[in-house]
Each structure stands twice: as C-alpha cells, then as structure tokens.
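Per chain, numbering begins at 1; letters A, B, ... match sequence-line order. Keep in mind that what you see is a predicted model, and the values were worked out from it rather than measured.
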Amino acid sequence: MKLLEDLNSQQREAVTISPGPVLVLAGPGSGKTRVLAHRIAYLVDHFGVQPREIMAMTFTNRAAREMAGRVEQLLGKADALHPVSKGGVSLGTFHALCARLLRRESDLLPFSREFVIFNESDQHTLVRQALKEINLDPKQVQPGKVHGIISRAKNELIELEAFEADTYFAEIARRVYQRYQQLLLRNNALDFDDLLLWAVRLFQEHDDLLAKYRRRYPHILVDEFQDTNTAQYVLLRLLAGEEPDLFVVGDPDQSIYRWRGADYRNVHRFKEEYPQVKVILLEQNYRSTQTILDAAMAIIDRNLGRQQKRLFTDRGTGVRITFEEAYNENDEARLVIETIASLTYSGQVEPGGCAVMYRTNTQSRALEEAFLKAGLPYRLVGAQRFYGRREIKDLIAYLRLIHNPADQVGLLRVLNTPPRGIGAKTVQTLLQTASQAELDPAEVLLDLAEGDRSQFADGFTHRAGAALTGFGRALQGWIKVGNELPLISLIDRVLEETGYREYIDDGTEEGQDRWANILELRGVAQEYQEMGLTIFLEHVALVSDQDTLTDSQNAPTLLTLHAAKGLEFPVVFIIGLDDGVLPHRRSFDDPEAMAEERRLFYVGITRAQDRLILLRAFRRRQAGVSSLSEPSRFVEDLPPDLVDGNLATHQTWDQASYQRQTRWDKELTQPIEARYQVGMRVHHPTFGEGIVTATEIDLDDEVVTVAFEGDETRHLAASLAGLTILDE
DNA sequence: ATCACAATACTTTTT
DNA sequence: GTATTGTGAT
C-alpha cells in the first residue's frame with residue numbers, strides 16, 4: 001500500500017495498529033509527525049473511518065498547519081482548525097478547538113458567543129485591577145506572579161472553592177482569583193486557561209453533550225503528549241471515554257512546559273488508566289548525524305529517573321560540534337553572521353537552512369541589530385513582539401470593543417487613544433456612573449450617543465460629556481457596520497475616524513515604523529476577510545507563534561529554544577550558553593526546573609541535522625547592566641572528543657570573501673567616499689529594486705536607506721548589501 | 001482637567 | 001524597550 005512505503009517497521013507498526021489506546025514514544029527526529037499524519041490517512045483508508053470522526057490535537061498552530069498539509073497530501077482533504085464543519089478532519093491546538101466548542105455551546109455557559117480571549121497583558125491588567133479592588137498595591141504584589149499562581153491552579157482544575165491558601169501570598173492569590181474570574185465574566189472575556197477549564201466543566205456538567213461529542217469523535221490523536229497539563233488530560237479522558245481509539249505521541253525527554261502546568265507524568269497516568277494500551281517506540285533518528293545524537297544523549301543522560309534511550313542513525317558521524325566564546329552579545333551575534341556567511345559562501349548551506357536559538361527572547365535583539373546592520377534578511381519566529389506593540393494593541397482593542405462592547409480592558413485602552421479630551425477624572429466618573437446603573441461603561445457611552453434622550457448626560461461636565469458622547473457615537477457607528485462591512489473596510493474606517501495615522505505617524509522614523517506595523521496588521525486582516533471579525537480576533541489571540549510576518553524566504557531563522565520544538569535545520573546555532581542564561585538562573589534552586597533546562601538544551605541540540613554551533617559570551621548585558629558570566633554547566637557534560645573548542649570553520653573560511661563580506665573585524669579606517677546618492681535606482685539580491693532615500697557615512701562604511709518596491713524601507717551597509725546601481 | 005515628557009522599574013520559556 | 005507613575009505646562 002502506498003501509504004506505508006518509506007516507513008520503517010516501527011513506524012509501520014504504529015500506523016497500522018488496530019484502533020484502541022496507543023502510546024507512541026518517539027525520540028527526536030524519528031518522524032513522529034509523519035506517523036501521525038499517516039495514521040490519520042490509514043484510519044480513513046484502511047479502517048473505513050470518516051475524516052469528520054477524527055480529532056487531532058496539537059500544541060502549536062504551526063504543528064497543526066504542518067499536519068494538515070501532510071494529511072491533505074495523503075488524503076486529499078483535511079479541514080484544519082474547523083472542528084465542526086465541512087466533514088474534514090478536526091485538527092487544531094487544544095486552545096483553538098476549545099474556543100470553537102465554547103462558542104458553539106455558549107448557550108450553556110455564563111458568557112456570550114462573542115467572548116474575547118484576553119492575552120497576557122490584558123490578564124495582567126485585570127489582576128492589577130483586582131489587586132486594587134482588594135486594596136493591595138500592584139507595585140508591591142507583582143501582578144504577573146499572582147497571575148502565575150492563578151493560572152497554575154486553573155490548569156490543575158482547582159477552582160476557587162478548592163483553592164487552599166496556606167500562606168499569606170496564597171491568600172492574596174485566592175482573593176485575586178475570585179475577583180479576577182468575576183472581572184473576566186464582566187468583560188465577557190476568557191483567558192487561555194479558561195478555554196480549557198470551561199470546556200472541561202461543560203462536559204462534566206452536561207452528560208448529553210459529552211455523549212454527543214464522544215459519538216461525533218470516536219478517533220482522537222494527540223501530538224506532543226508529554227506537554228499536556230491536567231486540564232488537557234482530563235479533557236482528553238472525558239472525550240475518549242473508557243474504550244477509546246486514542247493515539248498519543250510524545251517524548252518525555254522533550255517535555256519543556258512544566259512551568260505552564262504540563263506534566264509528563266501524564267504519560268504514566270495514561271498507561272495506568274488504560275492497561276490495554278499498546279506502547280510503540282520510535283527509536284531510529286532520521287535527522288541528525290551520530291555526532292549530534294551522541295552529544296544529545298550525553299546531555300540528557302544526566303537527568304535522573306528517565307528511561308534511557310539509544311539514539312541512532314545511519315547518517316554517519318558528520319562534522320564535529322563547535323563551541324566558541326565571544327566577548328559580548330554583539331560579538332556573539334557577529335560570530336553567528338560570519339559563520340553563516342562563510343558556510344553559505346563555501347556552498348555548505350543555504351542561509352534559510354540556518355537557525356539561531358536562544359533561551360530568552362531578549363537575546364534576539366543583538367542578533368537582529370547585527371543582521372540589520374549587515375543588511376542581511378532574517379526570519380524571526382514568535383510574533384509575540386509584533387502583537388505586543390502599542391499600535392497593534394490599540395487597533396486590536398478597537399476591534400475587540402466593536403465585537404464585544406463588554407470588553408472594558410479594550411475600552412479603557414482606546415477611550416482616550418488618540419487623545420480626545422477624556423482624562424483620568426472623566427474615566428473615573430464614567431466607571432462610577434456605569435457601575436451605579438449596573439451597565440457596562442460602553443453601554444453608558446452608547447446611551448450618551450443618543451443625545452438628548454440620554455439619561456446620563458447630566459452626570460458629566462459639559463466638556464467631558466461632549467467628549468464621551470463623541471466617542472459613543474463613533475463606537476455606535478462601528479458596531480452598526482461591524483458585521484456587515486468587510487474587515488478591512490471596518491479597520492480603515494476606525495483608523496480614519498480616530499485620526500490614528502496622524503496620531504501615530506509623526507513623521508519620525510519611529511512613527512513611520514509604527515504606521516507600517518498597522519499596515520502589516522491590515523494585511524493580516526485581509527487574509528481573514530471572509531472569515532470575519534470573530535475568527536480574526538481569535539487568530540490574533542491564539543496565534544503567537546506564526547512566522548508569516550517576516551517573509552524573507554531564504555533567510556536564517558531566529559527563535560527561542562521553546563519555539564524550536566518540532567523543527568529541524570541543517571545548521572543550528574545555540575547561543576547564550578552561559579550559566580544563568582541556559583540554564584536560566586531562575587531555575588537554579590529547583591532540581592525539577594534544572595532538569596527541564598537540560599531538556600531544553602537537548603531539544604535545541606536535536607534540531608540540528610548536520611552542524612551544531614554553540615556560542616557563549618564572556619560579558620553580557622542584561623536588564624541594562626553588563627556583567628561577566630561563566631560558561632554553562634551543561635557545556636562540560638559534552639564529550640570533549642565531539643567538540644572543537646575553537647570554531648573550526650574559521651580555518652576553512654575563504655579569507656578574501658570573508659573580508660569583503662564583513663566589517664566588524666577591521667579597525668577603524670579613514671572615512672570613505674559616498675558612492676550612492678539620493679534618488680538613485682538600485683537593485684538588491686533579496687529585496688529587489690528600490691530608490692535611495694538617504695545615505696550616510698558611518699565609520700568605515702556607507703549606510704544607504706533604500707525604499708524598495710512594495711513599501712519596504714531598509715537601511716543597508718553598502719559594503720555588504722550587494723547593491724547594484726541601475727541609474728542615477 | 002488634560003497632556004507631554006521624564007523618571008522609574010522590570011524583562012524565562014507560550015497557548 | 002515598555003508600562004506605569006509622577007511632574008509641570010497649558
């Protein structure tokens with residue numbers, strides 16, 4: 001059968017096993033995603049299962065997309081992220097699937113179908129508000145910490161009544177928990193944990209509904225099972241019932257989300273609760289050289305209480321791993337770029353085959369700067385920072401408010417953004433008026449928009465009333481057209497009527513960047529035209545790992561070690577191998593956390609197919625202060641015979657191209673002459689044609705600013721960018 | 001009362 | 001590099 005070609009015997013066994021509880025323990029690079037996709041196809045093809053009877057859960061949208069693509073290829077149809085429609089396979093993240101479920105069944109729940117999903121900063125705002133309401137200073141009690149405790153409780157399905165407060169801080173958390181949940185409901189909002197929690201509750205409290213879904217989805221598959229938390233596990237158990245076809249795939253050594261409530265002991269629990277489970281091991285690695293696998297095993301073997309695995313490959317020994325120490329994080333970034341350049345010039349790898357991994361997001365800064373300075377493109381995974389930008393949050397807050405006027409957090413964000421004469425005092429009065437009338441603040445605004453007929457007009461000073469009424473009218477208008485107007489038109493109308501561009505784009509470079517971000521979000525919205533506001537907002541809330549934002553095709557990828565799970569690259573850099581960074585200092589005093597840091601390093605190592613380059617910096621700037629650091633304690637666990645202490649690639653570099661292509665190793669030289677002029681047409685190998693809009697001599701190089709076709713403006717170092725002058 | 005700017009403190013990992 | 005808070009000018 002065609003489906004089974006190219007599978008080894010272990011993989012084939014997993015794919016063809018008869019339905020029932022199955023646990024696939026898969027090592028890194030063993031083709032588990034493939035096995036999952038083939039299993040889905042085999043269920044349909046061989047066991048006669050309808051695709052619509054299959055539900056497959058992943059942890060990231062990326063994994064869902066990838067699996068959808070594979071299944072589609074094998075089967076000709078897969079309806080990713082659309083759990084209950086069109087007859088395809090229901091495929092998506094736990095959170096996305098739950099969000100859809102809750103919207104469908106909202107009649108049974110204490111919030112409406114239009115609920116919004118609060119992101120981290122909204123959650124913090126709410127905790128802050130709750131703290132204030134119980135007369136605690138958000139400055140003395142960190143909102144993030146309190147929310148962490150609440151979040152953990154929710155992931156453990158510990159509801160308020162069962163929340164035990166055995167310390168002072170826990171008692172604070174308990175009180176905040178109570179207020180926080182009330183506030184969420186009042187905002188008609190859910191946080192990430194709620195999506196799972198309410199789904200579990202829904203099934204626990206409505207047997208008929210559970211029975212319906214069990215009938216509807218007799219076949220369930222789960223990827224990255226080691227990263228399920230209690231809520232997810234219970235949800236799976238509920239859906240699966242006592243004699244399920246439940247096919248789970250995981251690797252306890254790659255469990256890296258303990259801090260988020262993930263519990264790899266769910267693997268053991270699964271075995272105990274389903275004694276008839278069939279366990280299949282996938283041991284052969286198809287990804288990495290033996291050198292890389294040996295290094296990975298040396299690292300992970302130090303963790304206690306795990307089942308030892310032998311990772312093997314027939315890919316051969318491969319080249320040695322390199323480890324080098326840079327002076328500081330800028331020097332580290334420089335080394336990354338130089339190494340990528342040299343490997344690329346010598347034809348060993350495409351730029352797009354390289355990935356740079358780090359422990360914390362802040363480490364991407366130095367890298368980005370270096371890439372920008374060198375005029376080289378890169379792909380940054382983790383749109384988090386994009387969606388964290390002020391202007392993006394503003395626009396999303398507007399849309400959320402239109403979709404769900406109960407969203408107070410969104411309202412308070414945009415009420416006076418751009419400034420429209422609604423200050424702190426007026427906001428205060430508005431909130432008071434609303435709470436006295438037992439209405440949402442937005443309802444008061446909408447009432448004010450009615451003009452003379454408004455019952456609230458007298459409550460405000462003339463000026464404040466006018467400002468609020470003005471905003472109320474605008475909001476009223478948007479809500480009215482919100483469902484009819486295409487998404488883009490709605491966005492344009494909001495931007496237009498608020499004068500947002502004038503507010504944000506003050507002509508400075510920063511202002512232009514911010515406006516460009518707005519346009520980028522507008523571009524994302526364009527893809528959601530038909531699906532509408534609800535789906536768009538859900539996407540924005542649940543998709544933070546999407547990498548479509550920087551679309552340079554053949555460029556190195558920058559990502560955290562966490563984001564790297566499930567990916568592979570010919571060349572992998574792991575930077576910041578300093579004690580305190582990896583392992584992170586916050587994990588030092590907790591052995592379980594240290595074990596997880598080690599697994600994180602293991603995950604990073606096993607992403608590499610051919611070449612692994614480890615870097616660290618002697619001096620590192622953190623939180624604004626520069627301090628010295630020691631090499632990571634993990635480094636000494638690497639077998640010395642697999643590692644070159646000095647980056648061996650240095651010696652194979654072609655000196656001529658190296659010097660032409662890099663500038664950092666040279667001393668300051670005398671100023672050079674400008675070769676470019678404003679107005680010139682130029683061509684860039686990656687960005688295409690453009691016009692020079694500015695040029696400046698910086699040290700020994702010329703920095704050219706070019707506006708490329710397609711509205712992209714770049715600062716490029718002339719000596720590196722490879723620009724050709726087309727005409728002057 | 002509102003707004004612009006400065007000063008301040010914090011920054012692990014993510015759905 | 002951001003969110004919150006404080007200050008003085010309007």
d(CG, Leu195(A); P, dT14(B)) in whole Å: 18 Å
Sugar-phosphate only, base, or nothing, as touched by Arg413(A) at under 4.0 Å among non-hydrogen atoms: nothing
To the nearest angstrom, the CZ-P distance between Arg390(A) and dT2(C) comes to 8 Å
With the side chain counted from C-beta on, respond yes when Val381(A) and Leu558(A) share a heavy-atom pair under 4.5 Å apart, and no when they do not. no
Tell me if a side-chain donor or acceptor on Asn404(A) pairs with a main-chain N or O of Asn188(A) at a distance below 3.5 Å. yes
Residues of residues 579-595 of chain A with a heavy atom under 4.0 Å from any atom of DNA chain B, listed by number, are His584(A), Arg586(A)
With side chain to side chain donor-acceptor pair (under 3.5 Å) as the test, pick out the partner of Arg413(A) among Asp407(A), Asp394(A), Thr125(A). Asp394(A)
Under a 4.5 Å cut-off applied to non-hydrogen side-chain atoms, are Leu91(A) and Met67(A) in contact? yes
Has Thr362(A) got a side-chain N or O lying under 4.0 Å from the OP1 or OP2 atom of dG1(C)? no
Rounded distance (Å) that lies between atom C1' of dT14(B) and atom CZ of Arg62(A): 12 Å
Look for any protein N or O under 3.5 Å of an N or O in nucleotides 4-6 of chain B and output each such pair with its distance, or none.
none

Nearest to the Arg365(A) side chain among dG1(C), dT4(C), dA1(B), which nucleotide is it? dG1(C)
Between P of dT14(B) and CE of Met357(A), the distance in whole Å: 13 Å
His147(A) has an atom NE2; how far is it from atom P of dT14(B), in whole Å? 16 Å
5'-most by nearest nucleotide on DNA chain B - Ala563(A) or Ile422(A): Ile422(A)
Could you give the distance from OH (Tyr233(A)) to CG (Asp263(A)), rounded to the nearest 0.5 Å? 10.5 Å
In this structure, is the centre-to-centre distance between the rings of Trp198(A) and Phe111(A) below 6.0 Å? yes
Within the structure provided, determine whether Thr498(A) and Tyr503(A) are in side-chain contact (heavy-atom separation under 4.5 Å). no
For Leu468(A) and dT2(B), give me the distance from atom CG to atom C1', rounded to whole Å. 13 Å
Would a 4.5 Å heavy-atom cut-off, applied to side chains only, mark Phe118(A) and Asn187(A) as touching? yes
Phosphate OP1/OP2 of dT14(B): any Asn361(A) side-chain N/O under 4.0 Å: yes
With nearest nucleotides of DNA chain B determined for Thr560(A) and Gly423(A) from heavy-atom distances, which residue corresponds to the more 5′ nucleotide? Gly423(A)
Close side-chain approach of Pro583(A) to Arg633(A), heavy-atom, < 4.5 Å: yes
Which residue in the set Asp193(A), Asp191(A), Asn229(A) passes side chain to side chain donor-acceptor pair (under 3.5 Å) when paired with Lys154(A)? Asp191(A)
Can you tell me if Thr426(A) touches the phosphate of dT2(B), counting only side-chain N or O atoms and a distance under 4.0 Å to OP1 or OP2? yes
Gln363(A) has an atom CD; how far is it from atom P of dG1(C), in whole Å? 16 Å
So what does Gln142(A) touch, heavy atoms closer than 4.0 Å: a base, only the sugar-phosphate, or nothing? sugar-phosphate
Categorize Lys145(A) for me: base, sugar-phosphate, or nothing, with a 4.0 angstrom heavy-atom threshold over every strand shown. nothing
When you look at CD of Gln512(A), are more than 12 heavy atoms from neighbouring residues, nucleotides or ligands closer to it than 6.0 Å? yes
Any base atoms under 4.0 Å from Asp193(A), or only sugar-phosphate, or nothing? Heavy atoms, all strands. nothing
For Ala424(A), report the nucleic acid contact type (base, sugar-phosphate, nothing); a contact means any heavy atom under 4.0 Å. sugar-phosphate
Does the side chain of Asn416(A) get closer than 4.0 angstrom to OP1 or OP2 of dC3(B) through an N or O atom? yes
Short side-chain N/O contact to dT2(C) OP1/OP2 from Lys393(A), under 4.0 Å: no
Can a side-chain donor-acceptor contact be found between Glu105(A) and Tyr213(A) if the only test is distance below 3.5 angstrom? yes
Is the number of heavy atoms from other residues, nucleotides or ligands within 6.0 Å of CZ (Arg306(A)) greater than 12? yes
Within this structure, what is the CG-to-P distance between Leu559(A) and dT13(B), rounded to whole angstrom? 13 Å
When you measure from every atom of DNA chain B, which of residues 256-264 of chain A have a heavy atom less than 4.0 Å away? Tyr257(A), Trp259(A), Arg260(A)
